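Below you'll find the structure, written out as structure tokens, and then a few comments.
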Amino acid sequence: MTKVLVLNGPNLSRLGTREPDVYGHATFDDLRAACESEGLALSLDVDVRQTDDEAELIHWLHEAATNSNPVVLNPAAFTHYSYAVRDACALRTAPLIEVHLTNPASREDFRHTSVVAAVASGTIAGFGLNSYLLALRAIAEMPS
Ligand code: DQA
């Protein structure tokens, strides 16, 4: 079974209580459960992780590159400025899909730049938890 890493950056553990008017009421546990259930339906072994630590996120991207694991990545605020995360994404040896719960293009100016987008296979943004599920579907349908 293909293993997919679903990696989440800073503050996403606070979903549910974090600015619910922006991010909705679903919690990180809801996000994990939705990804795991979609993974089961798609015959993907989904491993959902979250960190507030840039170094830990980079180490997980290295792990994915070493093992050729596809990645669904919500880099959160790192999206907008972390060249270190961008360079770790560029190491990828399998598809990597950038996802966002919200649509950063419709928010503050500083969110309009993604330093990761150019090295991702594609980006899905603005559909809440469904952004992740759509990304998992895209991975399942990619030729391996
Ligand atoms: C986010 C959008 C980012 O701008 C923000 O910093 C986040 C979440 C999203 O999923 O909509 O933390 O990546």
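Every value quoted in this text rests on a predicted model; they were computed, and no experiment measured them. First listed ligand is number 1; within each ligand, the first listed atom is number 1. One is the number of the first residue; the rest follow in order along the sequence.
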Common cluster, W60/L73, ILVMFWY with side-chain heavy-atom separation under 4.5 Å: yes
V116 and F78, any side-chain heavy atoms less than 4.5 Å apart: no
Side-chain heavy-atom pair D21, E19 within 4.5 angstrom cut-off: yes
Distance-only polar pair, side chains of T93 and S68, donor-acceptor under 3.5 Å: yes
Between the protein and ligand 1, are there any N or O atom pairs that come within less than 3.5 Å of each other, and if so, what are their names and distances?
{"unit_1": "ligand 1", "atom_1": "4 (O)", "unit_2": "H80", "atom_2": "NE2", "d": "2.7"}
{"unit_1": "ligand 1", "atom_1": "4 (O)", "unit_2": "R111", "atom_2": "NH1", "d": "2.8"}
{"unit_1": "ligand 1", "atom_1": "6 (O)", "unit_2": "A77", "atom_2": "N", "d": "3.2"}
{"unit_1": "ligand 1", "atom_1": "6 (O)", "unit_2": "R111", "atom_2": "NH1", "d": "3.1"}
{"unit_1": "ligand 1", "atom_1": "10 (O)", "unit_2": "N74", "atom_2": "ND2", "d": "2.8"}
{"unit_1": "ligand 1", "atom_1": "10 (O)", "unit_2": "L101", "atom_2": "N", "d": "2.8"}
{"unit_1": "ligand 1", "atom_1": "11 (O)", "unit_2": "L101", "atom_2": "N", "d": "3.3"}
{"unit_1": "ligand 1", "atom_1": "11 (O)", "unit_2": "T102", "atom_2": "N", "d": "2.9"}
{"unit_1": "ligand 1", "atom_1": "11 (O)", "unit_2": "T102", "atom_2": "OG1", "d": "2.5"}
{"unit_1": "ligand 1", "atom_1": "12 (O)", "unit_2": "R18", "atom_2": "NH1", "d": "3.1"}
{"unit_1": "ligand 1", "atom_1": "12 (O)", "unit_2": "R18", "atom_2": "NH2", "d": "3.0"}
{"unit_1": "ligand 1", "atom_1": "13 (O)", "unit_2": "N74", "atom_2": "OD1", "d": "2.8"}
{"unit_1": "ligand 1", "atom_1": "13 (O)", "unit_2": "H100", "atom_2": "ND1", "d": "2.8"}

salt_bridge(D47, R49) N-O dist < 4.0 Å: yes
Plane angle bin for H80 and F110 - parallel if under 30°, tilted between 30 and 60°, otherwise perpendicular: perpendicular
